[in-house]
Undergrad: 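Structure incoming, see below.
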Amino acid sequence: MPSNDVRILLHAAVPTAAVGAVAAVISGVVAGGKGAIGAGVATLIVILFMGIGLYVLQRTAKSLPHLFQAMGLMLYAAQILLLFIFLAAFKNTTLFNARAFALTLVAGTLVWIAAQTRAHMKAKILYVEPESSGDKPEKTGHSS
């Protein structure tokens with residue numbers, strides 16, 4: 001993974017983890033241990049889903065740039081579908097507090113998107129890949 005991609009990933013994951021830790025403490029105080037577990041699970045899901053999504057989009061942008069926009073739309077639809085499947089599977093769970101889970105999931109996702117947007121805006125990403133010294137094109141035609 002190129003350094004810009006790792007930098008954007010870190011600049012999005014760290015604030016999301018911090019918000020998740022704060023949410024876990026608040027949920028633990030308000031809803032007890034199950035609230036803290038719900039917030040922790042939600043934070044892990046946000047970081048996992050959004051991190052994998054960012055990785056897939058960056059790989060797509062490098063190898064198939066013409067599919068980037070369509071891949072982004074498909075990826076976000078797949079993330080929402082996987083989240084609904086996860087929520088349906090744990091609909092009646094007693095493992096964690098559902099309200100703490102839901103609120104942390106929304107907060108974590110919003111923080112991830114904001115942090116990723118900020119990181120991308122501050123990154124100095126080249127629009128054109130520069131040629132390396134060994135990849136100079138051969139001259140054709142006559143030299144004057």
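Side chains included, hydrogens not; waters and symmetry mates left out as well; all remaining heavy atoms used. Nothing here was measured: the structure is a model prediction, and the numbers come from that model.
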Undergrad: Do Leu48 and Tyr76 belong together in a cluster built from hydrophobic side chains that touch within less than 4.5 Å?
TA: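 Yes, Leu48 connects to Tyr76 through the hydrophobic network.
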Undergrad: Can you give the donor-acceptor pairs under 3.5 Å from side chains of residues 77-87 to other protein atoms, not counting sequence neighbours?
TA:
from	atom 1	to	atom 2	distance (Å)
Gln79	NE2	Phe49	O	2.8

Undergrad: For a side chain to side chain contact (heavy atoms under 4.5 Å, CB included) with Phe101, tell me which candidate from Leu103, Leu105, Asn97 qualifies.
TA: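 Filter result, single survivor: Leu105.
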Undergrad: Please report the shortest heavy-atom distance between Thr43 and Ala17, naming the atom on each side.
TA: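 The answer is CG2-CA, 4.2 Å.
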Undergrad: Check for me, please, whether Val25 and Val46 land in the same ILVMFWY cluster - side-chain distances under 4.5 Å, paths through other members count.
TA: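 No.
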Undergrad: Could you pull out the closest heavy-atom pair between Ala107 and Val19, with the gap in Å?
TA: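 Smallest interatomic distance, heavy atoms only, reads CB-CG1, 4.4 Å.
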Undergrad: If I take atom OH from residue Tyr55 and atom CG from residue Leu75, how far apart are they, to the nearest 0.5 angstrom?
TA: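 If we round to the nearest 0.5 Å, Tyr55:OH and Leu75:CG are 13.5 Å apart.
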Undergrad: Mind checking the CD-CG spacing from Gln58 to Leu9? Nearest 0.5 Å is all I need.
TA: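 One finds 9.5 Å between CD of Gln58 and CG of Leu9.
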Undergrad: Output the distance between atom NE2 (His66) and atom CE (Met71), rounded to the nearest 0.5 Å.
TA: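 The NE2 atom of His66 sits 11.5 Å away from the CE atom of Met71.
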Undergrad: Excluding sequence neighbours, so at least two apart, what forms side-chain contact (heavy atoms from CB on, under 4.5 Å) with Leu44?
TA: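 With sequence neighbours excluded, Leu44 shows a side-chain contact (heavy atoms from CB on, under 4.5 Å) to no residue whatsoever.
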Undergrad: With a 3.5 Å cut-off and sequence neighbours excluded, list the donor-acceptor pairs that the side chains of residues 27-40 form with protein atoms.
TA:
from	atom 1	to	atom 2	distance (Å)
Ser27	OG	Ala23	O	2.8
Lys34	NZ	Thr94	O	2.7

Undergrad: Heavy atoms, side chains only, cut-off 4.5 Å: are Gln116 and Ile8 in contact?
TA: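 Gln116 reaches Ile8 side chain to side chain.
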Undergrad: How many angstroms lie between atom CG of Leu57 and atom NZ of Lys62, to the nearest 0.5 angstrom?
TA: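 The NZ atom of Lys62 is 11.5 Å from CG of Leu57, to the nearest 0.5 Å.
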Undergrad: When clusters are formed by joining ILVMFWY residues with side-chain heavy atoms under 4.5 Å apart, either directly or through shared neighbours, do Val41 and Met50 land in the same one?
TA: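 Same hydrophobic cluster.
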